[in-house]
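What you see is a predicted model; the values in this text were computed from it and never measured. Every number for a ligand or one of its atoms is a count from 1 in the order of the listing.
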Amino acid sequence: MGFVVALDGPAGSGKGTVTKKVAEILNLVNIDTGAMYRCVALECIYNNILPTEIDKIEKVLEKIDIKLEKKEGKQIVLLNGKDVTKEIRTPKVDDVVAKFAAIKQIRDKITPMQQQMGKNSDIIMEGRDIGTVVFPNADVKIFLDCSIEERANRRYKQNLEKGIQETYEEVLESIKQRHILETQREIAPLKQADDAIYVDSTNLTIEEVVEKIVKIIKEKRS
Ligand code: DC
């Protein structure tokens with residue numbers, strides 16, 4: 001087993017950006033587990049499969065091939081050999097992925113794939129259930145939190161930059177809905193592991209969060 005850092009937290013806590021930077025600084029392999037659930041959702045969209053159609057989902061899972069690779073220094077996501085790095089972040093996937101991620105058969109397939117990735121490398125893996133389910137014995141566990149209002153604020157600003165027209169209130173409402181789905185689902189809900197270190201990013205810059213987390217990991221690693 002390599003050295004494993006588990007980083008969990010809600011969408012909008014800055015997890016993705018922070019994980020990427022911490023991985024670079026500490027030379028860890030960065031694994032974005034949300035991308036894997038996004039791939040399953042996208043494959044189901046391609047095949048017109050709804051989250052209720054479990055038999056069809058099981059067939060998809062039998063032959064799905066998901067790879068997280070590095071190309072020219074950037075992380076890319078391959079779904080059955082096709083580069084879907086950008087497509088998995090589009091609204092059509094955003095809208096349905098939480099429903100697929102709540103399905104037991106999907107988690108039963110994805111979780112062992114993630115565990116395998118920690119076998120031979122030193123990794124930082126980000127998600128919702130990494131410290132609780134995927135790597136309950138991780139060397140370092142961090143729970144990166146942020147207030148719902150600040151998460152909505154960040155998403156609202158990102159939307160403005162992308163030219164997406166949505167009011168702050170609409171963004172806040174959709175973040176609240178997603179939060180309920182993620183924290184109250186039956187299997188592997190978003191939850192802080194008992195032994196995770198809590199970091200609140202609400203009033204911190206990305207750089208401040210990175211600095212804090214690098215320090216925590218260095219202390220545990222030495
Ligand atoms: O982090 P993200 O927004 O890319 O995650 C996409 C979806 O997958 C989101 O609905 C949460 C879910 N997810 C999960 O259930 N467990 C994980 N370990 C990672 C993501």
Side-chain angles (χ1 to χ4, degrees), residues 4-23 29-45 50-51 57 60-61 64 66 68 75-79 84-118 123-136 138 141-146 148 151-152 154-155 158-159 162 164 171 174-193 196 201 206 209:
V4 176
V5 179
L7 200 152
D8 292 301
S13 58
K15 238 175 340 122
T17 317
V18 165
T19 305
K20 241 181 259 162
K21 296 198 177 192
V22 172
V29 177
N30 164 15
I31 301 167
D32 166 8
T33 60
M36 302 173 81
Y37 291 99
R38 287 174 180 272
C39 280
V40 177
L42 183 59
E43 185 63 12
C44 289
I45 292 171
L50 300 171
I57 292 172
V60 161
L61 291 173
I64 200 162
I66 300 169
L68 307 179
Q75 180 112 43
I76 59 162
V77 183
L78 299 173
L79 168 60
V84 293
T85 315
K86 290 221 172 84
E87 199 176 354
I88 56 169
R89 310 258 164 230
T90 52
K92 69 176 178 193
V93 178
D94 289 341
D95 290 347
V96 297
V97 63
K99 293 218 171 84
F100 285 102
I103 296 170
K104 181 179 186 307
Q105 285 83 350
I106 294 179
R107 303 201 77 88
D108 285 350
K109 168 88 183 190
I110 298 288
T111 300
M113 288 167 67
Q114 294 165 348
Q115 288 165 336
Q116 193 61 33
M117 292 171 169
I123 62 166
I124 176 163
M125 186 175 278
E126 54 127 327
R128 306 293 189 286
D129 62 337
I130 312 308
T132 51
V133 176
V134 182
F135 287 111
K141 294 184 190 178
I142 292 160
F143 191 83
L144 185 60
D145 208 357
C146 182
I148 287 208
R151 283 154 58 193
R154 290 174 188 176
R155 173 59 55 83
Q158 281 169 359
N159 283 353
K162 286 188 195 165
I164 298 171
V171 175
S174 91
I175 298 241
K176 278 186 181 164
Q177 288 306 324
R178 198 165 155 183
H179 192 78
I180 292 171
L181 268 177
E182 290 188 2
T183 52
Q184 299 187 3
R185 70 177 177 217
E186 226 164 278
I187 315 159
L190 170 66
K191 192 174 94 190
Q192 182 180 354
S201 79
I206 291 285
V209 177

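Remark: K191 engages no residue in a side chain to side chain donor-acceptor pair (under 3.5 Å) (not counting sequence neighbours). Considering only residues two or more places apart in sequence or on other chains, K176 meets the side chain to side chain donor-acceptor pair (under 3.5 Å) condition with none of them. Scanning for salt bridge (charged side-chain N to carboxylate O under 4.0 Å, His left out) contacts around D108 gives K104, with sequence neighbours left out.
Taking CG of D32 as the start and OG1 of T85 as the end, the distance is 10.5 Å to the nearest 0.5 Å. The CD1 atom of I106 sits 5.5 Å away from atom CG of L61, with the distance rounded to the nearest 0.5 Å.
Side-chain atoms of Q192 and D8, non-hydrogen and from C-beta on, never get closer than 4.5 Å to each other.
Near ligand 1, K15, T33, G34, Y37, R38, R89, V97, A98, A101, R107, G127, R128, D129, I130, R178, E182, R185 each place a heavy atom less than 4.0 angstrom from the ligand.
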